[in-house]
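Read through the structure below, which is laid out as structure tokens, and then see the notes.
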Amino acid sequence: MRMMLKALVLVPCVVGTTMFAMETAEAVEKAKGRAESQKSKGVQVAQKGNVAPVAKKGTATPIASNATLSKGGRVKSDQAKGIPVAEKGKAKPVTANGKAVPLATKDSAVARSAQPKPTALARKGRSIPAPARSSLTHAAQQRNLTKDLASHVDIWQEPGKLAVQSGSALVIGGEGGELFYEKNANVVVPIASITKVMTAMVVLDSLPNLQATITISDEDVDYLRGSRSRLGVGAEITRETALLLALMSSENRAANALGRHYPGGLQAFVAAMNRKALSLGMKDTRFEDPTGLNSNNVSTAHDLARMVAAAHRYPLIREFSTTPGARVEVKGRDLDFHNTNQLVSSPTWAIGLSKTGYIREAGKCLVMQAQVADKPVVIVLLDSAGKQTRIGDANRIKRWMESASATGRLLARG
């Protein structure tokens with residue numbers, strides 16, 4: 001009986017002790033689980049921040065040479081070999097939006113805020129400053145900029161400067177002879193069809209019957225250069241029409257026919273041209289034909305300025321040389337002829353006399369009397385290369401004079 005009572009007393013004690021031991025073991029296991037869980041979470045936090053391990057003091061943090069970026073932006077590598085990225089023994093801090101990202105240490109599961117000294121890259125969230133340019137670099141860039149601008153801006157805009165492309169040029173006052181610009185203005189050169197201005201003066205000086213008919217003959221055909229003409233051999237036109245076509249459209253056959261129908265013929269006409277030149281003080285000028293097809297017709301820009309100023313006194317030369325176009329009946333057909341100087345039709349120009357010229361030896365030539373910057377001027381442009389160079393030069397001269405006049409600087413020479 002006693003034995004049974006003892007057994008009843010001992011059983012609860014054993015069971016209690018066992019239960020206590022089991023609860024203790026379970027508690028220990030739970031504690032271990034929590035610790036491991038915390039450790040695991042710490043590793044995940046470090047990975048989410050894409051944090052690189054801190055290098056030992058004085059060493060660089062290596063990045064594997066075969067590293068590639070995963071989808072999450074983390075570095076993946078199968079090898080331990082790396083390329084140092086530090087400068088002067090210090091690891092570069094990684095920045096995000098201008099703020100330093102805290103780096104994880106080897107001994108901590110959770111990344112700690114290391115707070116390294118901020119550099120110029122991350123200080124106060126400012127953007128990366130541009131590297132300072134040396135004075136030499138700055139000067140080179142300025143020179144390049146100046147070159148680039150000069151290629152888009154005409155040089156005439158520069159005070160006191162005028163860029164003229166023609167080989168010889170002269171801009172002179174139409175009345176007092178005030179010199180505004182000159183370039184090789186005393187060089188003797190072929191003048192091509194500028195000759196026809198002198199031809200017109202000599203014709204008008206002879207006081208001919210302008211309504212009289214003259215005939216185009218084979219003698220008027222250009223066999224020297226083969227220039228074309230719509231005035232066929234046998235065509236009959238008035239002397240006035242021939243004068244118009246010679247000045248407006250630079251018609252060679254019309255100009256030669258005018259010389260042939262001069263009293264004494266073509267030879268007498270050429271002699272009269274040279275006498276007229278000497279009377280005008282054109283000492284460096286020589287004529288051998290009335291058309292300018294002959295390259296021995298030579299002059300200088302200064303001499304031609306004298307000729308233009310004298311020709312401007314002839315009302316018919318002013319009118320015919322600046323006529324934009326005309327319809328003329330030739331052998332029963334109406335033909336349209338146009339001025340060889342496109343500027344006479346420009347509303348921005350006030351041209352009182354105009355004549356163009358071209359042969360290979362002379363280049364493109366242009367002489368004009370015009371009103372520019374409220375001043376009557378004579379413009380002479382000789383030996384221009386390119387189809388539009390002489391027109392471009394004339395426009396540059398006009399803009400330069402207008403600009404200089406507006407600022408009171410219209411005194412520059414050459």
Side-chain angles (χ1 to χ4, degrees), residues 154-156 160-198 201 276-278 280-287 292 297-313 317-318 321-322 341 343-344 349-359 361-386 388-405 409-414:
D154 284 336
I155 301 176
W156 61 265
K161 298 287 185 178
L162 174 61
V164 171
Q165 303 303 314
S166 299
S168 297
L170 182 68
V171 183
I172 197 167
E175 295 176 353
E178 182 182 3
L179 179 63
F180 296 117
Y181 178 86
E182 64 177 340
K183 174 185 177 182
N184 299 326
N186 290 309
V187 177
V188 178
V189 293
I191 59 173
S193 288
I194 305 301
T195 296
K196 293 182 176 75
V197 175
M198 180 61 78
M201 283 195 290
K276 180 74 171 180
L278 286 175
L280 295 175
M282 301 169 66
K283 298 179 180 179
D284 295 314
T285 301
R286 178 71 184 172
F287 296 104
N297 287 13
V298 296
S299 187
T300 66
H302 272 294
D303 276 6
L304 293 181
R306 291 174 179 269
M307 183 182 74
V308 170
H312 189 256
R313 302 188 190 107
I317 295 179
R318 295 199 304 267
S321 70
T322 58
N341 181 7
L343 295 179
V344 299
W349 277 89
I351 299 175
L353 184 148
S354 167
K355 189 67 197 79
T356 64
Y358 172 75
I359 56 173
E361 295 89 342
K364 301 282 186 177
C365 304
L366 174 64
V367 296
M368 292 193 300
Q369 191 281 345
Q371 195 79 9
V372 180
D374 297 324
K375 290 178 177 289
V377 295
V378 172
I379 299 173
V380 179
L381 299 167
L382 305 174
D383 191 21
S384 297
Q388 292 295 320
T389 302
R390 59 188 173 184
I391 301 300
D393 279 347
N395 283 321
R396 277 185 283 273
I397 289 169
K398 181 175 181 290
R399 293 194 297 262
W400 170 74
M401 289 190 66
E402 290 171 344
S403 175
S405 177
R409 292 186 286 102
L410 196 51
L411 297 173
R413 299 190 180 193

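Below, each value reflects all heavy atoms present in this structure, side chains not excepted, and no hydrogens, waters or symmetry copies. All figures in this text were calculated on a predicted structure; none of them were measured in a lab.
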- Note on the structure: Closest heavy-atom pair, H312 versus L353, reported as atoms and distance to 0.1 Å, is N-CD1, 3.7 Å
- Message: So, taking the atom named CD in E182 and the one named NE2 in H302, what distance separates them when rounded to the nearest 0.5 Å?
- Response: 4.5 Å
- Message: Looking at W349, is its backbone amide N or carbonyl O close enough to the side chain of K398 to form a donor-acceptor pair, meaning the two atoms are under 3.5 Å apart?
- Response: no
- Close side-chain approach of V189 to D383, heavy-atom, < 4.5 Å: no
- Query: In Å and rounded to the nearest 0.5 Å, what is the CD1 to CZ distance from I191 to R286?
  - Reply: 12.5 Å
- Item | Among V367, V164, T356, side chain to side chain contact (heavy atoms under 4.5 Å, CB included) partner for L381 | V164
- Task: Find the distance between OG1 (T300) and CG (L382) and round it off to the nearest 0.5 Å.
- Result: 8.5 Å
- Checking S193 side chain against G292 main chain: does a donor-acceptor pair fall under 3.5 Å? no
- Any idea which heavy atoms bring A192 and G357 closest together, and the distance? CB-C, 3.9 Å
- Query: Would I397 and I379 satisfy side chain to side chain contact (heavy atoms under 4.5 Å, CB included), going step by step from the backbone distance to the final call?
  - Reply: CA-CA 9 Å; I397 289 169; I379 299 173; 4.0 Å; yes
- Taking every heavy atom of K375 against every heavy atom of F180, the minimum-distance pair comes out as CD-CZ, 3.8 Å
- Query: Should the pair D393-R390 be classified as a salt bridge under the 4.0 Å nitrogen-to-oxygen rule?
  - Reply: no
- Note on the structure: I194 and K355 have their tightest heavy-atom pair at CD1-O, 3.3 Å
- Does any non-hydrogen side-chain atom of T285 lie less than 4.5 Å from one of M198? no
- Message: Determine whether V171 and M401 satisfy the following criterion, side chain to side chain contact (heavy atoms under 4.5 Å, CB included), listing intermediate values before the conclusion.
- Response: CA-CA 10 Å; V171 183; M401 289 190 66; 3.8 Å; yes
- Query: From I351 CD1 over to L343 CG, what is the distance, rounded to the nearest 0.5 angstrom?
  - Reply: 5.0 Å
- Nearest heavy-atom pair of A394 and M368: which atoms, and what distance? CB-CE, 4.0 Å
- Determine the minimum heavy-atom distance between V344 and S321, stating which atoms define it. CG1-O, 4.3 Å
- From CG (L170) to CG (D303), nearest 0.5 Å: 10.5 Å
- Task: Determine whether M282 and S299 make a side-chain contact, defined as any pair of heavy atoms from C-beta on separated by less than 4.5 Å.
- Result: yes
- Task: Begin with the C-alpha distance, continue with both residues' side-chain angles, and end with the deciding distance and a verdict on side chain to side chain contact (heavy atoms under 4.5 Å, CB included) for R396 and Q165.
- Result: CA-CA 10 Å; R396 277 185 283 273; Q165 303 303 314; 3.7 Å; yes
- Item | Within-4.5 Å side-chain heavy-atom neighbours: N341 and I391 | yes
- Item | Note, F287 side chain near K276 side chain (heavy atom, < 4.5 Å) | no
- Item | Atom pair OG1 (T195) and CD1 (I359), whose distance is rounded to the nearest 0.5 Å | 8.0 Å
- Hey, does the side chain of S403 reach the backbone of R399 with a donor-acceptor pair shorter than 3.5 angstrom? no
